[in-house]
Amino acid sequence: MSCSSDPNARLARALRSLDGLSVGDAFGERFFGNDGRERALARDLPAGTWRTTDDTEMAVAIVDVLERAQRIDADRLARAFAARFGFDSARGYGAGAYQLLSGLRMGVPWRIASESLFDGQGSHGNGAAMRVAPLGAYFADDLDAVVREAQRSAHVTHAHPDGAAGAIAVAVAAAWVANPELQRVPMLELAIARTPAGDTRHGLFRAQSLPASSSAELAASVLGSGQEVLSSDTVPFVLWAASRHVGEFEEAMWNTLSGLGDRDTTCAMVGGILATGTTVPSAWLARREPLRRDPSV
């Protein structure tokens, strides 16, 4: 089955991925708190409306820009990020993102804001990776574009090379699921081949070497599952979890959740990666709050 480059087909793939990402985000967010681990182990599906976090807010901005521009226009993406932050800043943005987006709202150019973070090193957190799966699905017919556009999307907030590396790895994994022609090699192998050298790529090699019998708890203890909120301690676990559950959305969510850590973000990434290759349960979609989109950005 071929993977179309038609803009409407590309957008449809991105929207499917966005559904998976946002449901995973809202699902994982429900399992923080003192009893989160126990409820996760019991597979106690949360009741009520599932509120999404900054993971979804920023992913929606990416999809909106792709719908409008059919590529990543960094200036437009920065404006979209800042506008969504201004509309509702209480979505769990991290300290670095809060500082950067507040600066953008005050007119600081995105390049200056991004490259000045962390004493001029730029961020190598997991934020660029958490939002990028729909971009990988969108450009799944062109792997070079996946890598190029993922890096562009990352630079707006994550100037550190390893922050961009995480975005590239997740985008490649999402493209792998959306494009059967890429599945001639395993997901992790393709991601490693396209991810720049650094801590995140090193973690992908470790994920690849884990025994097939490894549990999520063991994988999280070896790879990290976002406890440090870094690309390198989040993305390798995410790709390990996604690669084990292609075509199994619910099982993927519960298995990813059992790794604990930054659970809204790990579930968002895995959900976004897998959603074009399976069905997001309608009951889960119904519980996720409605998404607010603005493709006029």
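Here the structure is a predicted model, which is why all the values come from computation and not from measurement.
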Evaluate the criterion ring-ring contact (aromatic ring centres under 6.0 Å, His included) for residue pair Phe249 and Trp254; output intermediate values, then yes/no.
CA-CA 9 Å; Phe249 189 90; Trp254 289 114; over 10 Å; no
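- At least one donor-acceptor pair closer than 3.5 Å links the side chain of Asp233 to the backbone N or O of Leu230.
- The local environment of CZ in Arg76 is crowded, with over 12 non-hydrogen atoms from other residues, nucleotides or ligands closer than 6.0 Å.
- A heavy-atom distance below 4.5 Å is found between the side chains of Val246 and Leu274.
- A donor-acceptor pair shorter than 3.5 Å can be found between the side chains of Thr200 and Ser231.
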Audit row: Ser232, Asp199, side chain to side chain donor-acceptor pair (under 3.5 Å) steps and yes/no:
CA-CA 5 Å; Ser232 58; Asp199 291 343; 4.7 Å; no
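- The main-chain N or O of Arg194 is never found under 3.5 Å from a side-chain atom of Arg201 such that the two would form a donor-acceptor pair.
- Note that the CZ atom of Phe31 and the OG atom of Ser258 stand 11.0 Å from one another [nearest 0.5 Å].
- Two residues are said to be in side-chain contact when any heavy atoms from C-beta on lie closer than 4.5 Å; Ser123 and Thr157 fail this criterion.
- Listed here is the closest heavy atom pair of Arg263 and Gly28: CG-O, 3.4 Å.
- Ser243 is not listed as a side-chain neighbour of Trp176, based on a closest heavy-atom distance of 4.5 Å or more.
- At least one donor-acceptor pair closer than 3.5 Å links the side chain of Asp64 to the backbone N or O of Asp294.
- Within 6.0 Å of the CZ atom in Phe32, the count of heavy atoms belonging to other residues, nucleotides or ligands exceeds 12.
- By the 4.0 Å N-to-carboxylate-O rule, Arg293 lies close enough to Glu67 to be salt-bridged with it.
- Counting only distance, with no hydrogens or angles, the side chain of Ser22 and the backbone of Asp19 share a donor-acceptor pair below 3.5 Å.
- Contact of the Cys267 side chain with the Met253 side chain is registered, since non-hydrogen atoms from C-beta on lie closer than 4.5 Å.
- The two residues Arg13 and Ala137 make their nearest non-hydrogen contact at NE-O, 2.7 Å.
- The shortest side-chain heavy-atom distance between Thr278 and Val177 does not fall under the 4.5 Å cut-off.
- Cation-pi geometry between Arg288 and Phe27 is not met at under 6.0 angstrom from the ring centre and within 45 degrees of the axis.
- Of the charged side-chain nitrogens involved, none lies within less than 4.0 Å of a carboxylate oxygen, so that Arg91 and Glu29 do not count as a salt-bridged pair.
- Across all their heavy atoms, Arg287 and Gly48 have their closest contact at CB-O, 3.8 Å.
- For the residue pair Asp25 and Thr53, a side-chain donor N or O sits within less than 3.5 Å of a side-chain acceptor on the partner.
- Heavy-atom minimum distance, Leu239 versus Ala191: CD2-CB, 3.5 Å.
- With salt bridges taken as basic N to acidic carboxylate O contacts below 4.0 Å, one links Arg10 and Asp141.
- Annotation for Ala128 and Ala167: closest pair O-CB, 3.7 Å, computed over non-hydrogen atoms.
- Between Phe85 and Tyr98 there is a side-chain heavy-atom pair separated by less than 4.5 Å.
- For Gly259 against Phe237, the heavy-atom pair with the smallest separation is CA-CZ, 3.8 Å.
- Looking at heavy atoms from C-beta onward, Leu117 lies out of side-chain contact with His160 at the 4.5 angstrom threshold.
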Show the numbers, then the answer: is there a side chain to side chain donor-acceptor pair (under 3.5 Å) between Thr276 and Arg16?
CA-CA 6 Å; Thr276 60; Arg16 287 183 65 188; 6.0 Å; no
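- There is a side-chain donor-acceptor pair under 3.5 Å between Ser225 and Gln227.
- Contact of the Leu66 side chain with the Leu11 side chain is not registered, since no non-hydrogen atoms from C-beta on lie closer than 4.5 Å.
- Leu190 CG to Leu143 CG: the interatomic distance, rounded to the nearest 0.5 Å, is 5.5 Å.
- Between the side chains of Thr52 and Glu289, at least one donor-acceptor pair of N or O atoms lies under 3.5 Å.
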